[in-house]
Amino acid sequence: MDAALNNEKAKPLNFIEEIIDNDLKQGKYQSILTRFPPEPNGYLHIGHASSIWLNFGVAKKFGGKTNLRFDDTNPVTEETEYVESIKADIKWLGYSWANEFYASDYFDQLYNYAIQLISQGDAYVDDLTPDEIAAQKGTPTEPGINSPFRSRTIDENLQLFEAMKAGNFQEGSKTLRAKIDMASVNMLLRDPILYRIKFAHHHRTGDTWCIYPMYDFAHGQSDSIENITHSICTLEFIPHRALYDWCIQKLNIYPSHQYEFARLNVSYTVMSKRKLLQLVNEKHVSGWDDPRMPTISGMRRRGYTPQAINEFCDRAGIAKREKLNDISLLEFCVREELNKSSFRRMVVFDPVKVIITNFNESELLLEGENNPEDETSGFRAIPFSKELFIEREDFMENPPKKFFRMAIGQSVRLKSAFIVTCTGLEKDVNGNITEIHCTYIPESKSGSDTSGMKVQGTLHWVSSKHAIKVELREYERLFLSENLATEEGDFKEYINPESLKIISTAYAEPALENATDAQRFQFLRKGYFCLDKDSQPAHLVFNRTVTLKESFSKEVKK
RNA sequence: UGUCUGAUGGUGUAACUGGCAACACGUCUGGUUUUGGUCCAGAAGAGUCCAGGUUCGAGCCCUGGUCGGACAACCA
């Protein structure tokens, strides 16, 4: 951590940090306050992690604070379940907020702001229907036209707005609109709707209100009420900034400022909450926390660590241009961490029997280091016996040139055990290999090898009678297209049909029996795995977080 | 025919604010290795969207284009 901080000092500031740095140096602020403003209508994903990393990270870096504020102005899509998951995810990522607020905390204040605007002649109640408003809005190249209700008197507007609040009108029959400019080149300034009628139960305010403020009438004011200094959001809000500033200026309240950065995208996946919800609802995945999902909860279940995710956000960086981050950077970040921290274990995915013909003891207990990258990690016992399993793909009858694995007449090292020489094999009537015969070199025992032999390959293995059966779930990318944004048609057409491969019975060394879900493992030569929540004491299930880097398969493809 | 916004190796970020384009991922070589992992050493790969201009000097400034994205939800 300290090293990371030192690195950060040397690192150039991103453009947001530069703005803040300047504001602080010029004395514009004594300290800064940011906010992370999720809408509780879905689960957080890796894109949110980037925003969290930025908002919380930048505040911490400059000695400021960050509020968590739920943007809950639309009761029909928002739920408490989402509030809870969002809070859990932020905490899990390692951040803590100075205050927990809700836009709905400010409904009274916002209502008063609306009254103020009406009183100033800056807002009016409109009777137009949604269709009519849309029709009069104009287009980006054509100006809109004024509503016939635009010139109502202040008193009439005040009365009508109060009646709206009292529930005297039907949903959709009236709105409160800002009186700005129907000819503005910025569509958002063409008398935007400030309040609409919704007879919906709100997750926090219940049925107290039947009118709810729109985003544009809630966000900037909420920032202002909290004295947020730097309100950081994504690029699509750039046109909203004019309205954000207009509200603050007309209301003459604390001037928070909005800054925009490009949202994070990752190749081979989707990031929109709408699409993720669709994947969940249509059962393309098992839920929001399906390990293939780019959600924080999905990644957590898959075995990603908060450190790896934050590291990824840090390396991906922040800019104003739209971008597509390579998923291989994310994978690099997990491997980097897991390589240093995870215990090594041996698991045979697709077994073939190996008989050590010259081993006649019942068993031998060997020692294997838990993690060669960490000297303090200790050792675990590994039983060795006459009958072993190795990976079927680690043996070839007619091996090609650079096959450093088992083949007749060839010697290989069994990891943490002995060097063995393959002497022959047996097949069934169909020609399938049923048994491989080897002799072992007793003097070649790991750690005390006096054999003087040199071998090219080392294999993982497991003693058949000691092995425990486990279920493995191997995940591939959820989509076949690198960039879904540029694809034609329904994004679901690009779902990878083989994104989940289940190996219902794999054979693991007994040390894995007491695995806990807090642990991460490297299954030797296979990848990083973690215990899944579907595990039962007698039926352990492991999720593959990511494979190891593999250069041999590339070699084969040549 | 609009407004806003952006454009630097395959990808993502830099470039001390005008001084011969750097870092990371990825790719490829070679070495070490009881994981074809890690680690170590090295290489290839952009001349900065285009055309002009200012300047001794431009990725950074100016002008004009080109291309991409956003903008017409009672969503956020």
Side-chain angles (χ1 to χ4, degrees), chain A residues 11-12 14 37-39 41 71-74 76-78 126 128-130 133-144 171-177 184-188 190 193-198 211-212 214-216 218-219 233 235-242 260 262 264 267 273-274 315-333 335-336 339-340 344 346 368-369 372-373 402-405 412-419 444 446-447 449 455-460 482 485 522-527 547-556:
Chain A
K11 251 174 80 172
N14 64 48
E39 184 188 10
N41 68 344
D71 233 332
D72 56 350
T73 57
N74 184 3
V76 305
T77 56
E78 295 152 4
D126 197 349
L128 258 28
T129 65
I133 288 181
Q136 300 193 332
K137 199 107 196 187
T139 71
T141 53
E142 295 163 307
E171 225 171 277
S173 64
K174 279 185 170 50
T175 56
L176 181 72
R177 292 232 256 167
S184 171
V185 288
N186 184 342
M187 300 280 298
L188 286 158
R190 321 246 262 226
I193 292 168
L194 270 20
Y195 264 91
R196 76 289 213 189
I197 300 168
K198 275 182 193 285
I211 56 171
Y212 292 94
M214 296 286 289
Y215 166 85
D216 286 307
H219 202 96
C233 61
L235 254 29
E236 69 267 30
F237 290 98
I238 290 176
H240 292 252
R241 192 174 59 228
E260 311 86 10
L264 178 125
S267 57
K273 274 196 258 183
R274 199 195 97 250
R315 286 175 182 256
I318 289 299
K320 269 192 109 151
R321 70 186 104 151
E322 279 148 32
K323 53 182 181 175
L324 181 64
N325 289 88
D326 201 324
I327 194 165
S328 65
L329 180 63
L330 217 203
E331 294 177 340
F332 166 83
C333 292
R335 288 193 189 106
E336 185 186 44
N339 174 53
K340 290 189 201 120
R344 312 293 127 122
M346 295 196 284
E369 49 191 353
E373 304 293 317
K402 283 182 168 173
F403 188 75
F404 302 146
R405 307 182 186 183
V412 294
R413 156 79 58 184
L414 295 180
K415 179 70 182 177
S416 300
F418 303 93
I419 291 175
S444 67
S446 282
D449 186 349
V455 293
Q456 301 245 52
T458 300
L459 306 184
H460 62 281
E482 181 175 19
Q522 184 197 105
F523 291 174
L524 240 58
R525 302 207 300 138
K526 284 300 192 176
T547 61
L548 254 32
K549 237 177 120 183
E550 237 281 61
S551 47
F552 179 64
S553 59
K554 285 174 194 162
E555 184 85 20
V556 169

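Sequence lines set the chain letters: A, B, ... in the order given, protein chains first and strands last, and positions in each chain run from 1. Note that these values count all heavy atoms, side chains included, but never hydrogens, waters or copies made by symmetry.
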Item to check | B:G26 base stacked by A:Phe332 (centroids within less than 5.5 Å, tilt under 30°) | outcome: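 Base of B:G26: not stacked against A:Phe332.
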Next on the checklist: Centroid distance below 5.5 Å plus an interplanar angle below 30 degrees: do A:Tyr215 and B:A76 meet both conditions?
Outcome noted: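 No, A:Tyr215 does not stack on the base of B:A76.
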Next on the checklist: Both A:Ser444 and A:Val185 contact RNA chain B. Taking the nearest nucleotide for each, which residue is further toward the 5' end?
Outcome noted: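 Looking at RNA chain B, the more 5' nearest nucleotide goes with A:Val185.
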Next on the checklist: Taking the nucleotide of RNA chain B with the nearest heavy atom to each, does A:Ile133 or A:Phe404 sit closer to the 5' end?
Outcome noted: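 This one resolves to A:Phe404.
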Item to check | Atom of A:Glu39, atom of A:Thr77 and distance for their closest heavy-atom approach | outcome: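 Taking A:Glu39 first and A:Thr77 second, the nearest heavy atoms are OE2-OG1, 3.4 Å.
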Checklist entry - If every non-hydrogen atom of A:Leu324 is compared with every non-hydrogen atom of A:Ser267, which pair is closest and at what distance? => result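 Heavy atoms only, the tightest pair is CD1-N, 3.7 Å.
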Using a cut-off of under 3.5 Å, enumerate the N/O to N/O pairs linking the protein to nucleotides 15-21 of chain B.
{"unit_1": "B:U17", "atom_1": "O4", "unit_2": "A:Glu18", "atom_2": "OE2", "d": "2.6"}

May I ask you to verify if any side-chain N or O of [X] is less than 4.0 angstrom from the OP1 or OP2 atom of [N]?
X	N	result
A:Thr129	B:C74	no
A:Arg321	B:U8	yes
A:Lys320	B:U5	no
A:Arg177	B:C74	no
A:Lys198	B:C75	yes
A:Ser551	B:G37	yes
A:Arg525	B:G36	yes

Checklist entry - Is the base of B:G57 syn or anti, if syn means a glycosidic angle within 90° of 0? => result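 Glycosidic conformation of B:G57: anti.
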Item to check | Chi class for B:U17: syn within 90° of 0, otherwise anti | outcome: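 Syn, since the glycosidic angle lies within 90° of 0.
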Applying a 4.0 Å non-hydrogen cut-off, can you work out what [X] is touching in the nucleic acid: base, sugar-phosphate, or nothing?
X	value
A:Pro37	nothing
A:Gln522	base
A:Phe403	base
A:Ile238	sugar-phosphate

Value in whole Å for how far the [atom2] atom of [N] lies from [atom1] of [X]:
X	N	atom1	atom2	value
A:Leu459	B:G37	CG	P	14 Å
A:Met346	B:G37	CE	C1'	15 Å
A:Leu329	B:U11	CG	C1'	9 Å
A:Asn339	B:U33	CG	P	18 Å

Side chain of [X] only, heavy atoms from C-beta on: which candidate in [options] is closest?
X	options	result
A:Met214	B:U35, B:U8, B:C75	B:C75
A:Glu550	B:G36, B:C74, B:U35	B:G36
A:Arg344	B:G12, B:A72, B:G37	B:G37
A:Asn325	B:U13, B:U35, B:G12	B:G12
A:His240	B:U35, B:A76, B:A14	B:A76

Checklist entry - Between atom CG of A:Leu330 and atom CG of A:Asn325, what is the distance when rounded to the nearest 0.5 Å? => result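 That separation rounds to 9.0 Å.
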Checklist entry - What distance do A:Phe404 atom CZ and A:Thr458 atom OG1 have between them, rounded to the nearest 0.5 Å? => result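 The CZ atom of A:Phe404 sits 11.5 Å away from the OG1 atom of A:Thr458.
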Item to check | Nearest-Å distance once atom C1' is located in both B:G52 and B:U66 | outcome: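 Each nucleotide's C1' atom is 14 Å from the other's.
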Next on the checklist: Restricting to ring-ring contact (aromatic ring centres under 6.0 Å, His included), what partner residues turn up for A:Phe237, sequence neighbours left out?
Outcome noted: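 ring-ring contact (aromatic ring centres under 6.0 Å, His included) list for A:Phe237, sorted by chain: A:Tyr215, A:His240.
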Item to check | Side-chain heavy-atom pair A:Arg344, A:Pro372 within 4.5 angstrom cut-off | outcome: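 A side-chain contact under 4.5 Å exists here.
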Checklist entry - Within a strict 4.5 Å, meaning less than it, do heavy atoms of the A:Leu176 and A:Ile211 side chains meet? => result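 They are not in side-chain contact.
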Checklist entry - Checking only heavy atoms, does the side chain of A:Glu260 share a donor-acceptor pair with the base of B:G6 at less than 3.5 Å? => result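 Per atom types, no contact qualifies.
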I'd like a list of close polar pairs between nucleotides 66-70 of chain B and the protein, N/O only, cut-off under 3.5 Å.
{"unit_1": "B:G69", "atom_1": "O4'", "unit_2": "A:Glu322", "atom_2": "OE1", "d": "3.3"}
{"unit_1": "B:G69", "atom_1": "O2'", "unit_2": "A:Glu322", "atom_2": "OE1", "d": "3.1"}
{"unit_1": "B:G69", "atom_1": "O2'", "unit_2": "A:Glu322", "atom_2": "OE2", "d": "2.6"}

Item to check | Test side chain to side chain donor-acceptor pair (under 3.5 Å) applied to A:Arg241 - qualifying residues, sequence neighbours left out | outcome: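 Once residues adjacent in sequence are excluded, the partners of A:Arg241 under the side chain to side chain donor-acceptor pair (under 3.5 Å) criterion are A:Glu260.
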Give me the distances for all protein-to-nucleotides 30-32 of chain B N/O pairs that come in under 3.5 Å?
none

Next on the checklist: Test your reading of the model: is there a side-chain donor-acceptor pair from A:Arg190 to the backbone of A:Ser184, 3.5 Å cut-off?
Outcome noted: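 At least one qualifying donor-acceptor pair exists.
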Checklist outcome for this item: Pairs under 3.5 Å (Watson-Crick or G-U), crossing ones as [ ], inter-strand ones as |: RNA chain B comes out as .((((((..((((.....[..)))).(((((.......))))).....(((((..]....))))))))))).....
